[in-house]
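Reviewing the structure listed below.
One-based numbering along the sequence shown.
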Amino acid sequence: MAEIKIEPCWKSRLKGEFAADYMQNLGQYLRAEKAAGKKIYPPGNEIFHAFALTPFDHVKVVILGQDPYHGAGQAHGLSFSVRPGTAKPPSLQNIFRELQSDLGIQPPPHGNLENWAKAGVLLLNSCLTVADGQAAAHAGKGWETFTDAVIDQLNQNKRHLVFILWGRKAQEKGAKIDRDRHLVLTSAHPSPLAAHNGFFGSAPFSKTNTYLCQHGITPINWDVTADQ
C-alpha cells in the first residue's frame, strides 16, 4: 500500500492505519489475488481516488457506499460514480432522479461525480476494492476497519459535517457518529430494489445545503457538470 498516493493530510491522519497489521495483510491479499490472475476494481492508482480529490480539511459531506461497482470499467474510486462514457448504473440514475426532484437539477449526460468530490463531498465506500463480477468479494478483508478509522477521524476532528447514509449497511456503519456534532441523514438505498421505500422524496441534497448554510458553510453545488 505504501506506493499508493493519498492526499498528505489524510496520509498523516491515517498513517497508523497504513502501518497496522490488518492493512499489511490486506495488501498481501490483494497482491496475491492479482498474481493469481484475478481482476480487481478499481485500478490500483484509483483505490484512494476519493482521498485525493477531497482533502481532509475540505470535507463537508460524506456519502457512504458499500463497495465499488464490480463491472469492467465502472469503478474509479468514488462511491456511486462512473467515468464519462460508462453507462450510469441504476442506483446512480435514481440518485439523479431524486436530485432533480429535490433541487430541479436535470440529470447530467454522464455519471462522473468528481465535481462533487472537489466541492467537499467525500464519496466513500466501506470496502475500497472488489473482484470482477463478485459483489462484496473483499468484504471482511480489512477495508471496513480502515474506513471505520476514516469515519472516526472525521467524526472526532471536524464539526458540522453531513453524513448521508443510504440503506441499512451504511446506517450500521455510521451508528457511532456524534449527532450533536454533525447532521446524519438516513433513508432507503437508491437501488431499484429499495428506492421506493423512502429514498425518493427524502430530499438529501436540499437538507444538506440548508444545514451547511445554517452553520456558515458554503453549500454544495450539486450540479455535476459545474466546475468547482
Side-chain angles (χ1 to χ4, degrees), residues 41-42 46 49-54 58-128 130 135-136 147 161-171 173-174 183-213 217-228:
Y41 305 132
E46 292 183 331
H49 194 41
F51 300 92
L53 291 184
T54 314
H58 295 175
V59 177
K60 302 177 183 180
V61 181
V62 180
I63 296 180
L64 184 61
Q66 187 172 343
D67 61 351
Y69 296 125
H70 53 80
Q74 291 183 306
H76 67 120
L78 306 178
S79 61
F80 296 103
S81 180
V82 292
R83 291 198 180 279
T86 302
K88 288 177 279 189
S91 290
L92 184 56
Q93 292 181 41
N94 285 339
I95 290 170
F96 288 147
R97 176 178 166 183
E98 177 60 20
L99 179 61
Q100 182 176 13
S101 174
D102 188 8
L103 293 178
I105 296 174
Q106 294 293 319
H110 60 75
N112 189 350
L113 304 182
E114 287 187 347
N115 279 341
W116 286 4
K118 293 174 183 176
V121 182
L122 182 67
L123 296 163
L124 180 67
N125 279 314
S126 294
C127 292
L128 301 190
V130 72
T147 51
L161 296 178
V162 181
F163 290 85
I164 300 177
L165 309 179
W166 290 326
R168 177 180 56 81
K169 290 188 177 180
Q171 290 157 27
K173 191 170 181 70
L183 176 65
V184 179
L185 298 176
T186 63
S187 77
H189 194 277
S191 161
L193 298 175
H196 290 281
N197 294 326
F199 174 75
F200 291 132
S202 61
F205 309 103
S206 61
K207 289 176 181 176
T208 292
N209 281 354
T210 295
Y211 178 84
L212 294 176
C213 290
I217 301 168
T218 303
I220 302 296
N221 183 348
W222 292 105
D223 183 351
V224 302
T225 67
D227 291 332
Q228 304 292 345

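Residues satisfying the ring pair (Phe, Tyr, Trp, His ring centres under 6.0 Å) test with Phe163, not counting sequence neighbours, are His182. Residues satisfying the ring pair (Phe, Tyr, Trp, His ring centres under 6.0 Å) criterion with His70, sequence neighbours excluded, are absent altogether. By the salt bridge (charged side-chain N to carboxylate O under 4.0 Å, His left out) test, Arg168 pairs with Glu172, sequence neighbours left out. Partners of His110 by ring pair (Phe, Tyr, Trp, His ring centres under 6.0 Å), not counting sequence neighbours: none found.
Going from atom CG of Asn125 over to atom OG1 of Thr147 covers 8.5 Å, rounded to the nearest 0.5 Å. To the nearest 0.5 Å, the span separating CG on Leu161 from OG1 on Thr208 amounts to 11.0 Å. One distance of note links CG of Leu99 with CG of Asn94; it measures 12.5 Å at 0.5 Å rounding.
Side-chain contact between Trp116 and Ile63 is present, with heavy atoms from C-beta onward closer than 4.5 Å. At least one side-chain heavy atom of Asn115 sits less than 4.5 Å from a side-chain heavy atom of Lys118. Side-chain contact between Asn209 and Leu212: present, with at least one pair of heavy atoms (C-beta onward) separated by less than 4.5 Å. Side chains of Ile220 and Val162 form no contact here, defined as non-hydrogen atoms less than 4.5 Å apart. Counting heavy atoms from C-beta outward, Lys207 and Asp102 have side chains that stay 4.5 Å or more apart. Pro42 places none of its side-chain heavy atoms less than 4.5 Å from the side chain of His49. Counting heavy atoms from C-beta on, the side chains of Phe96 and Ile105 never come closer than 4.5 Å.
Proximity of a side-chain donor or acceptor of Thr186 to a complementary backbone N or O of Leu165 within less than 3.5 Å is not detected.
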For residues 187-203, tabulate all N or O donor-acceptor pairs below 3.5 Å that involve a side-chain atom, not counting sequence neighbours.
unit_1: His189; atom_1: ND1; unit_2: Ser191; atom_2: N; d: 2.9
unit_1: Ser191; atom_1: OG; unit_2: Leu193; atom_2: N; d: 3.1
unit_1: Ser202; atom_1: OG; unit_2: Phe199; atom_2: O; d: 2.6

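Checked against the 6.0 Å centroid criterion, the rings of Trp166 and Phe80 qualify as a close aromatic pair.
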Does the pair Asp67 and Tyr41 meet the rule for a side chain to side chain contact (heavy atoms under 4.5 Å, CB included), with working shown? CA-CA 10 Å; Asp67 61 351; Tyr41 305 132; over 6 Å; no
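Applying the side chain to side chain donor-acceptor pair (under 3.5 Å) test to pairs two or more places apart or on separate chains, those with a residue in residues 75-86 are Glu46-Arg83, His76-Ser81, Arg83-Glu114.
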